[in-house]
Amino acid sequence: MSPHITVLYFSAASTSTGLFEQTIALPTTTSPDSLPDSDPNFPLASLAALLVSLHPNTGLDKVFESSQWSVDAVMIPESEVASVFLCGGEEVAVICPVSGG
């Protein structure tokens, strides 16, 4: 069984997907003996593409152009996204920019 993460959608991300929360399985790879094996190091940098593939034609790709990530309630600076890997069990939030007065 592959590991799962919980994705929280806020603001425009929620509007695009029609969801506030979603549990998704991290992608699995096939090991040399042809048995599925979960990749314990799924890159956070690849999560946007995975979510867009789960929600095609919703505009979610555009939302990600200006959004940031939070993993287990810790904001991830853009400069560190490439060095963050998900193992399963994390709560990942899509943080969209907001405006107001």
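Note that the structure is predicted; figures quoted are calculated from it, not measured.
With Glu91 as the partner, the side-chain contact (heavy atoms from CB on, under 4.5 Å) test is satisfied by one option alone out of Val71, Asp72, Ile5, Val7: Asp72.
The heavy-atom pair separating Gly88 from Leu26 by the smallest distance is N-CD1, 3.7 Å. Of all heavy-atom pairs between Ala82 and Ala45, the closest is CA-CB, 4.4 Å. The minimum heavy-atom distance between Ser11 and Pro97, with the atom names listed, is OG-O, 4.4 Å. Residues Pro3 and Cys87 approach most closely at CB-O, 3.4 Å, considering heavy atoms. Val94 and Ala13 get closest at one heavy-atom pair: CG1-CB, 3.8 Å.
Separating the CG atom in Leu51 from the CD1 atom in Ile24 is a distance of 5.0 Å, to the nearest 0.5 Å. Separating the CD atom in Glu78 from the CD atom in Gln68 is a distance of 7.5 Å, to the nearest 0.5 Å. The line from OG of Ser16 to CG of Asp61 is 8.5 Å long, rounded to the nearest 0.5 Å. In this structure, Leu47 CG and Phe85 CZ are separated by 13.0 Å, a value rounded to the nearest 0.5 Å.
Side-chain contact between Phe10 and Ile95 is present, with heavy atoms from C-beta onward closer than 4.5 Å. With contacts defined as side-chain heavy-atom distances shorter than 4.5 Å, the pair Trp69/Val92 qualifies. Residues Leu8 and Thr6 have side chains in contact (heavy-atom distance under 4.5 Å, counting atoms from C-beta outward). Annotation: side chain of Val63 is in contact with side chain of Cys96 (closest heavy-atom distance under 4.5 Å).
Between Gln22 and Tyr9, the side chains place a donor N or O and an acceptor N or O closer than 3.5 Å (distance only, hydrogens not considered).
At distances below 3.5 Å, at least one donor-acceptor pair connects side-chain atoms of Ser14 with backbone N or O atoms of Leu19. Remark: side-chain polar atoms of Ser46 are not paired, donor with acceptor, to backbone N or O of Phe42 under 3.5 angstrom. When atom types are taken as modelled, the side chain of His4 and the backbone of Ser2 share a donor-acceptor pair closer than 3.5 angstrom.
If you chain together hydrophobic residues whose side chains sit under 4.5 Å apart, Met75 and Leu86 never meet in one group.
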